[in-house]
Amino acid sequence: MTSETLNSGKSLNLSSGSNVTSSSLSQGTNLKAGEHISKQPADQLSSGLLGWYAVRNSCGLKNEELYFFSMFNEPLVLYRDKNSRPRCIKDLCPHRGASFQGGQFNSGEIVCPYHGGRFSSEGNCTNLDRITCQHIIDSNYNNYAKKIHLYQYPCVEKDGYIYIYYTGKAKTNLNEFDLKESLDDSIPDSYGFRTSEYAYEEVYVDFKCDWARIIENHLDILHIFWIHGETIPDKDVNRQVITSFNQDITRDSRHIESKYNHKDKSKGEFITLKFIPPGRVLIYKGSPETARYIQVLDHIPLANNRARVIVRHYRKFLKNKFITKLFIFKLLQHRIFYKIFSEDYLVLKTQTFNQQMGYIKKDNIKLLGEDKMIQYYWDWYQNALNKDKPWELHQTNSQTNSVHFDTPMLYPPENPELAKNNERNIVIQILIRILVPIGIVMLII
Ligand code: FES
Ligand SMILES: [Fe+2]
């Protein structure tokens, strides 16, 4: 494993109370674009765009329920088999190509809605008599019927997540997959904190924009001061002042890490960001060893211009379940998350448009010194894209029936209903907390 450490020793030099604009940002920046950017090959990260992805939480995947989603345009289904083990299959019945939408379960086996074909945990058809006549099974079994198997991807449940090993080519026999990367290398516990020591809240968010742009957004420290300056409950993050920091970037075969230290050394680390390909970002408030809270963001490339993010917000404080319930902590946290992602959303959609129009290219934009993390990320992405070409594996075009993608997206900000429900619940819960004690007092009196 090779590694390099870069210390720009430079900082954003905006004084307290100054109004931050994009032009003042460039003026206040001491680095020239490209300065200190590594001479090392840009593709030091060994992982590409194919590999392990966290695609949902495991507690939400119930027995006898189908969870439909997609990866790089390929429709997939998650469910639990007879033994409650998670399975990830291509949403394609191997009999005559129906989707499993509308399918059911029978004794823990998934049943196709078209002819009732039923499939075992291993993906073999267990009731061939539903899809062909018995005499054909008897006479032709080796030629036809025994070849009916579900197409699957390796699927593992770990630390409250469901992970799949996505290659773009589902197989009928899971033993045929050549797992090039260990899942253990990408789980949060291998990146400096024990998840078991933290409590967490979790939200899902859906975006109609480019997947890679969302990751860029989460690796971009500067935007939080402006766009989220009035939403993030942190005194160091506000619109008036950008915290002055030094930046250290490390990268090796498994991740890119950027540490932002307060220029005032007595204050220590401000934030640490890690990018773990293909789709995970960790944001530590402070140093990884002592962070009071840590965000784990998993980015799922559903389809062209469609992406889902799982956001977990781990914290070392307020771990008592009763207290968090009493203070409706979960709902309040969700409100902040929904607001933060809504703030980013318009930018991400319009930036996606600009990208697809070919406007975002080297000559038109300037990456500044503080954008080194972003530069490294795009270096990785470009290399990974050239190597894996994931968007070419399941291409769609204007003729493609868009049945899978016309369905409304499930989560905010694309589907604001959930955020509104959350708001409503907050009001109801607050009223209950006020009215119940008043009622009790009145009864006593
Ligand atoms: S298409 Fe699924 S059983 Fe026929
Ligand atoms: Fe943001």
Side-chain angles (χ1 to χ4, degrees), residues 20 66 75 77 79 89-106 109-120 123-133 136-137 144-152 170 172 203 205-207 209-234 236-239 242 258 260 271 273 275 281-283 285 295-299 307 309-311 313 335-352 370-371 373-374 377 403 412-414:
V20 182
L66 299 170
V77 191
Y79 66 96
I89 61 165
K90 189 179 175 88
D91 186 17
L92 173 89
C93 176
H95 174 223
R96 293 255 300 281
S99 156
F100 285 96
Q101 308 235 14
Q104 322 166 344
F105 282 88
N106 188 328
E109 295 186 336
I110 187 170
V111 180
C112 172
Y114 202 4
H115 309 95
R118 204 168 73 212
F119 296 89
S120 71
N124 306 322
C125 188
T126 54
N127 61 343
L128 289 167
D129 57 329
R130 294 302 308 145
I131 55 179
T132 187
C133 305
I136 295 179
I137 299 177
Y144 170 66
K146 88 166 190 183
K147 293 183 181 154
I148 299 202
H149 306 290
L150 294 174
Y151 296 94
Q152 304 194 52
T172 52
V203 293
V205 283
D206 274 0
F207 296 98
C209 63
D210 180 59
W211 170 82
R213 284 280 154 203
I214 306 173
I215 298 183
E216 179 200 52
N217 174 269
H218 291 145
L219 297 176
D220 172 20
I221 189 166
L222 294 178
H223 86 288
I224 64 170
F225 294 94
W226 187 254
I227 204 166
H228 307 310
E230 278 153 24
T231 306
I232 292 180
D234 184 323
D236 284 333
V237 177
N238 62 71
R239 271 198 167 191
I242 287 191
S258 186
Y260 301 89
I271 263 178
L273 296 177
F275 171 60
V281 173
L282 304 184
I283 305 176
K285 178 63 185 136
Q295 262 190 31
V296 180
L297 300 132
D298 282 289
H299 302 77
V309 184
I310 308 174
V311 186
H313 193 73
R335 176 162 68 179
I336 294 173
F337 288 133
Y338 294 150
K339 189 151 189 290
I340 289 173
F341 288 103
S342 302
E343 287 166 349
D344 284 323
Y345 195 31
L346 180 64
V347 174
L348 288 168
K349 279 202 283 194
T350 48
Q351 206 183 19
T352 296
E370 282 69 21
D371 295 323
M373 181 78 172
I374 308 268
Y377 162 69
V403 60
E414 182 52 39

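Residue numbers count from 1 along this sequence. One-based numbering, in listed order, for ligands and for the atoms of each.
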Checking ring pair (Phe, Tyr, Trp, His ring centres under 6.0 Å) against H218, which of W211, F341, Y377 comes through?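 Running ring pair (Phe, Tyr, Trp, His ring centres under 6.0 Å) over W211, F341, Y377 with H218 returns exactly one hit, F341.
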
Metal site the Fe ion (ligand 2), protein N/O/S atoms found under 2.8 Å: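 That number is 4, waters not included.
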
Identify the heavy atoms of S258 and M373 that sit nearest to each other, and give their distance.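 Looking at all heavy atoms of both residues, the shortest contact is CB-SD, 3.4 Å.
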
What is the minimum heavy-atom distance between N127 and G116, and which atoms define it?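 Shortest heavy-atom separation between N127 and G116 comes out as ND2-O, 2.9 Å.
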
Could you check if a side-chain atom of D234 sits within less than 4.5 angstrom of a side-chain atom of K285, using non-hydrogen atoms only?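 Yes, close enough: below the 4.5 Å cut-off.
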
Find out whether D371 and L222 are in side-chain contact, i.e. whether some heavy atom of one side chain is under 4.5 Å from a heavy atom of the other.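 In contact.
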
Let me confirm one number: the CG-CD1 distance from D344 to I224, rounded to the nearest 0.5 Å.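 Between atom CG of D344 and atom CD1 of I224 there are 10.5 Å.
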
Near atom 4 (Fe) of ligand 1 (under 2.8 Å) - protein N, O or S atoms: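 Correct list: H95 ND1, H115 ND1.
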
For the ring pair H313 and F337, is the centre-to-centre distance below 6.0 Å?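 Under 6.0 Å, so yes.
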
Report yes if the distance between the aromatic ring centroids of Y79 and F100 is under 6.0 Å, otherwise no.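 No - the distance between ring centres of Y79 and F100 does not fall below the 6.0 Å cut-off.
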
If you count the non-hydrogen atoms of other residues, nucleotides and ligands that lie under 6.0 Å from OH in Y114, is the total more than 12?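 No, the 6.0 Å shell around OH holds no more than 12 heavy atoms from other groups.
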
